[in-house]
A.B. asks: 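To start, I am sharing the structure in question, which I have written as structure tokens.
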Amino acid sequence: MWTNWSGGQQCRPTATVRPLDDSGVSGVVRRAADRGQAVRPVGAGHSFSALAVTDGVHVDLSAFRGVTGIGGTSERPTVRVRAGTALGELHEELATRDLALEAPLELAAPTVGGALAVGMHGSGAAVGSLSAAVVGLRLVDGRGRLRDVAPRDLDAARTSLGALGVVLEAELAVVPAGRARITRAPRPVDEVLDDGFWSAHPVAEAAVFPSAPTALTRWADPLPAHDPDDDTDDAGDTEERERSLGVTVAGATGRTALGGAVVVERALPRLVPRFNRAVSRLARTVSATGPMYRVLSSPPAVRYEQTEWALPRHALAAGARELLAALADDHLEVGLPVRLRVGAPETGWLHPAHDRATGWVAVRVPRGTDHAPVLERAWRVLRDHGGRPHWASRSDWTVEDTAAAYPRLPDFRRVRDDYDPDRVFATPALAAVLGD
């Protein structure tokens with residue numbers, strides 16, 4: 001039995017295989033195709049959607065780990081990394097080479113291949129997702145052939161939902177490593193929804209409870225190479241300092257406060273808004289410095305189900321306000337805040353931020369509670385504001401929606417016909433959003 005991180009998706013694949021090299025993956029795909037079985041690569045299982053669910057064959061790429069080379073130029077370096085590498089491992093390996101990812105990613109567990117497939121992103125108005133960093137990909141296609149993705153097909157493959165093949169290795173653009181100061185602080189919700197908050201810092205995000213007038217925010221600013229005020233690396237102490245204050249804003253409230261909120265929600269759901277307002281009032285400003293990937297690191301405090309939508313950037317404030325009001329008015333507030341982030345336009349044909357500056361809105365419901373009423377309410381509101389769902393999250397999106405929202409879908413289908421003409425990588429979940 002395979003189960004995703006949240007526990008909301010399960011399946012019984014016919015087999016789970018762990019090939020050790022490229023030829024092993026090719027053999028798995030060919031044998032499955034001969035038997036009429038579907039093939040799905042699986043990463044860390046952090047997606048909330050059913051993209052990895054299959055009764056066919058799961059391909060576990062846990063043996064495909066590590067950085068295999070550094071390329072590019074001194075001005076524009078690149079790194080080649082195997083697709084089964086966890087993002088936390090990649091961060092550490094890059095740091096030993098004085099390099100870093102430009103995308104401000106906070107989760108360490110997802111794999112490179114999985115993060116690329118669904119368009120995993122951080123929060124920066126001028127910074128793209130991990131998919132935006134792709135300059136080359138190597139994969140095994142539906143006929144079992146090892147292929148380097150042609151440049152003309154790269155915008156189809158950089159966010160492919162696993163529909164084109166099993167990605168083995170990615171070449172990513174990287175940047176020189178640096179240090180940053182992260183600040184976590186309470187801010188009025190109206191101030192956060194104003195555009196000035198998002199443009200003031202290269203990395204910024206907010207967590208907002210529907211009933212609270214105060215948002216829990218965090219932002220990060222790069223530090224000069226030799227900042228006289230930065231003579232210690234206190235990133236390792238950040239979590240301990242935040243525990244002592246009872247608050248952190250890394251996509252949620254504090255680990256302690258979050259646990260309390262979830263307990264309250266399960267036992268006395270009517271008290272949730274009051275508890276959430278108290279948590280917001282108790283928030284204090286804290287800061288830490290260190291490498292960007294360390295100060296942004298934010299392991300989830302609780303497990304949950306999630307829907308996240310990419311709104312046109314100009315619609316973020318209106319969409320967030322309507323959503324918060326709807327959740328409060330319908331008594332659907334939960335112990336996890338609505339998370340707001342921003343992102344740059346993406347070139348990936350199926351990336352939710354394709355061709356537009358984006359405001360991201362994520363709604364989460366703790367595991368063990370009924371998530372359907374909350375998530376379905378969010379779907380209705382965010383869809384009306386031009387939202388596209390994140391492929392890793394839960395949604396009611398259909399193939400008709402995809403066709404209307406993604407103008408390059410015909411081009412993606414053309415590439416898919418080339419890379420997987422027999423639909424070896426097809427699943428019901430993929431058919432629901434991409435068609436046959």
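Quick caveat: nothing in here was measured; it's all calculated off a predicted structure. All residue numbers in this chain count up from 1 along the given sequence.
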A.B. asks: Can you tell which of R416, R147, R423 makes a salt bridge (charged side-chain N to carboxylate O under 4.0 Å, His left out) with D141?
C.D. replies: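 Among R416, R147, R423, the one that satisfies the salt bridge (charged side-chain N to carboxylate O under 4.0 Å, His left out) with D141 is R147.
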A.B. asks: Do the charged groups of E308 and R364 touch, with an N to O distance under 4.0 Å?
C.D. replies: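 Salt bridge flag = no for R364 with E308.
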A.B. asks: Quick one: side-chain hydrogen bond (donor to acceptor under 3.5 Å, both in side chains) partners of W5, sequence neighbours excluded?
C.D. replies: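 With neighbours one apart ignored, the set is empty.
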A.B. asks: Answer yes or no: is there a side-chain heavy-atom contact under 4.5 Å between P202 and D221?
C.D. replies: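 The answer is yes, as the side chains (C-beta and beyond) meet within the 4.5 Å cut-off.
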A.B. asks: Can you name the residues that form a ring pair (Phe, Tyr, Trp, His ring centres under 6.0 Å) with F197, not counting sequence neighbours?
C.D. replies: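 Partners of F197 under the ring pair (Phe, Tyr, Trp, His ring centres under 6.0 Å) test: none.
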A.B. asks: Verify whether one side chain among S393 and W391 offers a donor that lies under 3.5 Å from an acceptor in the other.
C.D. replies: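 Side chains of S393 and W391: no pair found under 3.5 Å.
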A.B. asks: State, yes or no, whether a side-chain contact exists between W349 and D411 at a heavy-atom distance under 4.5 Å.
C.D. replies: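 They are in contact (side-chain heavy atoms under 4.5 Å apart), so the answer is yes.
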A.B. asks: Measure up the H201 and W219 rings against each other and bin them: parallel (under 30°), tilted (30 to 60°), perpendicular (over 60°).
C.D. replies: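 Correct class here is parallel.
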A.B. asks: Side chains of T3 and Q9: any donor to acceptor distance under 3.5 Å?
C.D. replies: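 Checked: Q9/T3 side chains show no N/O donor-acceptor pair below 3.5 Å.
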A.B. asks: Taking atom types as modelled, is there a side-chain donor on W379 or S395 under 3.5 Å from an acceptor on the other?
C.D. replies: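 Short answer, no.
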A.B. asks: Rounded to the nearest 0.5 Å, what separates atom CD in Q10 from atom CE in M1?
C.D. replies: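 Nearest 0.5 Å value for the CD-CE distance: 4.5 Å.
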A.B. asks: Quick one: are I70 and R97 in side-chain contact, heavy atoms under 4.5 Å?
C.D. replies: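 Yes, at least one pair of side-chain atoms sits under 4.5 Å.
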A.B. asks: Could you list the residues that satisfy side-chain hydrogen bond (donor to acceptor under 3.5 Å, both in side chains) with Y293, not counting sequence neighbours?
C.D. replies: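 side-chain hydrogen bond (donor to acceptor under 3.5 Å, both in side chains) check on Y293 returns E92.
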A.B. asks: When you compare the side chain of L193 with that of R321, does any pair of heavy atoms fall below 4.5 Å?
C.D. replies: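 Yes, close enough: below the 4.5 Å cut-off.
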A.B. asks: Hey, does the Lys NZ or Arg CZ of R82 hover above the aromatic six-ring of F64, less than 6.0 Å from the centre and inside 45° of the axis?
C.D. replies: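 Geometry flag: set, cation within 6.0 Å and 45°.
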A.B. asks: Would you sort out whether L101 and L172 count as a side chain to side chain contact (heavy atoms under 4.5 Å, CB included), showing the intermediate values?
C.D. replies: CA-CA 8 Å; L101 297 174; L172 306 173; 4.2 Å; yes
A.B. asks: Whether the D155 and T347 side chains hold a donor-acceptor pair (N or O, under 3.5 Å, no angle test) is what I'd like checked.
C.D. replies: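 Yes, a side-chain donor-acceptor pair sits under 3.5 Å.
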A.B. asks: Might you work through the side chain to side chain contact (heavy atoms under 4.5 Å, CB included) test for L116 and L137, ending with a clear yes or no?
C.D. replies: CA-CA 10 Å; L116 292 176; L137 288 170; 4.1 Å; yes
A.B. asks: Do the non-hydrogen side-chain atoms of M292 and R179 ever get within less than 4.5 Å of each other?
C.D. replies: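 Counting from C-beta outward, M292 and R179 never come under 4.5 Å.
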A.B. asks: Check side-chain hydrogen bond (donor to acceptor under 3.5 Å, both in side chains) between E102 and all other residues, then give those that pass, not counting sequence neighbours.
C.D. replies: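 Partners of E102 by the side-chain hydrogen bond (donor to acceptor under 3.5 Å, both in side chains) criterion come out as none, since no residue qualifies.
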A.B. asks: So does R143 pair up with D420, basic N to acidic O under 4.0 Å?
C.D. replies: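 Not counted as a salt bridge, because no side-chain N and carboxylate O are separated by less than 4.0 Å.
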A.B. asks: What heavy-atom pair brings A426 and A38 nearest, and what distance separates the two atoms?
C.D. replies: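 Distance-wise, the nearest heavy atoms are O-CB, 3.5 Å.
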A.B. asks: State, with a plain yes or no, whether a side-chain heavy atom of V286 is found less than 4.5 Å away from one of T183.
C.D. replies: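 SC-SC contact between V286 and T183 ruled out.
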A.B. asks: Among residues at least two apart in sequence or on other chains, which ones pass ring pair (Phe, Tyr, Trp, His ring centres under 6.0 Å) with H385?
C.D. replies: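 Ring pair (Phe, Tyr, Trp, His ring centres under 6.0 Å) check on H385 returns nothing, list empty.
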A.B. asks: Applying ring pair (Phe, Tyr, Trp, His ring centres under 6.0 Å), can you list everything that pairs with W360, at least two apart in sequence or on another chain?
C.D. replies: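 W360 satisfies ring pair (Phe, Tyr, Trp, His ring centres under 6.0 Å) with H121, H390 once adjacent residues are dropped.
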A.B. asks: Counting C-beta onward and ignoring hydrogens, is there a side-chain heavy-atom pair between V167 and V140 closer than 4.5 Å?
C.D. replies: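 The answer is no; the side chains never approach within 4.5 Å.
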A.B. asks: Apply side chain to side chain donor-acceptor pair (under 3.5 Å) to residues T54 and T427 and explain how you reach the verdict.
C.D. replies: CA-CA 7 Å; T54 184; T427 67; over 6 Å; no
A.B. asks: Assess the residue pair V338 and L323 against the criterion (side chain to side chain contact (heavy atoms under 4.5 Å, CB included)); give the C-alpha distance rounded to whole Å, side-chain angles, the decisive distance to 0.1 Å, and a yes or no.
C.D. replies: CA-CA 9 Å; V338 174; L323 173 64; 4.1 Å; yes
A.B. asks: With a 3.5 Å cut-off and no angle check, do the side chains of E169 and T68 form a donor-acceptor pair?
C.D. replies: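 Yes, a side-chain donor-acceptor pair sits under 3.5 Å.
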A.B. asks: Test side chain to side chain contact (heavy atoms under 4.5 Å, CB included) on V166 and L139; report intermediate values, then the result.
C.D. replies: CA-CA 5 Å; V166 181; L139 55 73; 5.8 Å; no
A.B. asks: Do S297 and E106 get their side chains close enough for a donor-acceptor pair, meaning under 3.5 Å?
C.D. replies: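 Looking only at side-chain atoms, E106 and S297 do not form any donor-acceptor pair under 3.5 Å.
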A.B. asks: Taking the ring centre of each residue, are H58 and W2 less than 6.0 Å apart?
C.D. replies: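 Judged by ring-centre distance (under 6.0 Å), H58 and W2 do meet the cut-off.
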A.B. asks: Looking at F48, I'd like to know if the NZ or CZ of R394 sits under 6.0 Å from its six-membered ring centre while staying within 45 degrees of the ring's axis.
C.D. replies: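 The answer is no, since R394 fails at least one limit relative to F48.
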A.B. asks: Is the shortest heavy-atom distance from the side chain of E333 to the side chain of N276 under 4.5 Å?
C.D. replies: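 Side chain of E333 against side chain of N276, heavy atoms only: contact under 4.5 Å found.
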A.B. asks: What I want to find out is whether R414 reaches D417 closely enough, with some N-O distance under 4.0 Å, to be called a salt bridge.
C.D. replies: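 Salt bridge: no.
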